[in-house]
Amino acid sequence: MENKNKILVVEDEKTLRFLIVQSLKDDGFEVYESIDGEEGIKLAKESKPDLILLDLLLPGMNGFDVLSQLKRDSSTESIPVIILSNCGQEEEIERGMKLGATDYLVKAHFTLDEIAERVKKILG
Amino acid sequence: MINQTENRGITSIIIENLTDGLLFFNKENKVSLINPAACRVFQINKDDILGRKIDDFSNFEKLSNLFYLLGKEIKEYFKKELEINRDLILEVTSIPVEEKGDKIGSLVIIHNVTREKMIEKMKTEFVSISAHQLRTPLSEINWSLEVLGSEKIGKLTEGQKEVLKKAHYSNKRILNLVDDLLNVVKIEEGRRVYDLIPVDFENIVQSVIKLYQEKIRNKQIKFEFQVPNKKLPKVNVDTKKISLVIQNLLENAISYNIVGGMITIKLENKGKEIEFSIEDSGIGIPENEHKNVFQKFFRAENALKKETDGNGLGLFIVKNIVEAHNGRVWFESIKDKGSTFYFSLPVK
């Protein structure tokens, strides 16, 4: 397939990352993965993904910090970010959306298919 | 017999030795009594504070918060929580003292609840952290089963699919339970305190009923919604939370009802309160279990048999939400005949 959409997955949990990456690849996306925030930001700048799936609880820098850095940097600010986390308190969702996330999904409430659907919808 | 003077002596000894702090303000709102417990809590010397007006409290680090709460006129409070700082949380009660109908001052009682609050907080944090930690492996199982079921990595036999479906269902149930646990925690700690706005209560009830029309029809239940002719006054509620209360009650009335049974929801104006009631012709609650109905995780024996899906949290959540609105909740129930649940909300 030409012009594959590129997705960056920032997720520290090995099994979750494996499953989500595999599912997106099966759907024909080109997938980059990173296990922490620092690496995620670096990859976002280098590979210019079309969309980022971002976990919140990460080793070192947390997802909120990653998000605000991405939104402050002119080279990454326009990339849509979906927060994909198991934290689902109202204040966390509010904070994520305020920082500029396009969507906020609680992992436990979504199937892999549903997540892929959201991704496709945002990429239009 | 103890004479008057001796009596006074004993009274002052009792006050001196009370573990709660006591302050008495005279008619001019000046401190005329402070006991050692109060001095300890606020880390002040008795002599520095006796005779001072409440207005002067703003000059003392730990007393200033008390002043901001009570105000110059010393407002009345009952067990009002006052956080001095992170390590000191108090419950303040302030009552006017009268002698022969004349106000002679105000009594302020200080109860230190720091320890209780800390334990409460630890408990809450523990539950919310463990719930969150549970979600990660559960999501992994959920997604792994989904991948297997999609047959993307290999064909399955019908038997394997069946087993997978059951595993998926059980996993989903644990995930739901984790959600419920998190909800309970939130409700207990009162974090979702309530944007109270005046609303038309009837509208809220109507919109909840709409959600359940299909379920009611499927069970061939005769459903009735009775409202008074005269329009009900508005009530101050958090719409989302009160909807959850009605949902839980209606869901119970449907789930534990018989096929072809009846449900009646009634709204009544009781002057100072609006009363909501929901009557069903369901399995009822055995009398010996009435006292446990509003406890979390409680499920009556006959309910366990009828519906394996419940988690025993619905009515616990109902009670917490209604009470957070200064309302009351109660019920009447006869086994095998049905139940009526009531709650009332104060009209402002």
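So you know, we letter chains A, B, ... as the sequences are listed, proteins then strands, and number each from 1.
- Contact tally against chain A (heavy-atom pairs below 4.5 Å) for B:D179, B:V147, B:N142: the top residue is B:D179.
- Within the 4.5 angstrom heavy-atom criterion, no atom of B:L138 approaches chain A.
- Contacts of residues 58-79 of chain A with chain B at a heavy-atom distance below 4.5 Å are absent; not one residue qualifies.
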N/O donor to acceptor pairs below 3.5 angstrom from side-chain atoms of residues 199-213 of chain B, sequence neighbours left out:
residue, atom, partner, partner atom, Å
B:D200, OD1, B:E202, N, 3.2
B:D200, OD2, B:K231, NZ, 2.8
B:S207, OG, B:N203, O, 3.3
B:S207, OG, B:I204, O, 2.9
B:Y212, OH, B:E251, OE1, 2.6

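- Within a 6.0 Å radius of NZ in B:K152, more than 12 heavy atoms belonging to other residues, nucleotides or ligands are found.
- Around the NZ atom of A:K120, the shell of radius 6.0 Å holds more than 12 heavy atoms that belong to other residues, nucleotides or ligands.
- Interface remark: B:S150 contributes no atoms to any contact with chain A (heavy atom separation under 4.5 Å).
- With hydrogens and angles ignored, the 3.5 Å screen pairs a side-chain donor or acceptor of B:E146 with a backbone N or O of A:L112.
- Dense packing is recorded around NZ of B:K161, with more than 12 heavy atoms of other residues, nucleotides or ligands lying under 6.0 Å away.
- When the shell of 6.0 Å around NZ of A:K48 is examined, it contains more than 12 heavy atoms from other residues, nucleotides or ligands.
- Interface summary for chain A: among B:T136, B:N176, B:L175, the most heavy-atom pairs under 4.5 angstrom belong to B:T136.
- By the neighbour-count criterion of 12 heavy atoms within 6.0 Å, atom CG of B:L88 is densely surrounded, having more than that number from other residues, nucleotides or ligands.
- Using non-hydrogen atoms only and a strict 4.5 Å limit, the part of residues 99-110 of chain A facing chain B consists of A:V106, A:K107, A:A108, A:H109, A:F110.
- Contacts of residues 16-25 of chain A with chain B at a heavy-atom distance below 4.5 Å involve A:L16, A:L19, A:I20, listed in sequence order.
- Residue with the most contacts toward chain B among A:T111, A:D113, A:N86, A:I115: A:N86 (heavy-atom pairs, distance under 4.5 Å).
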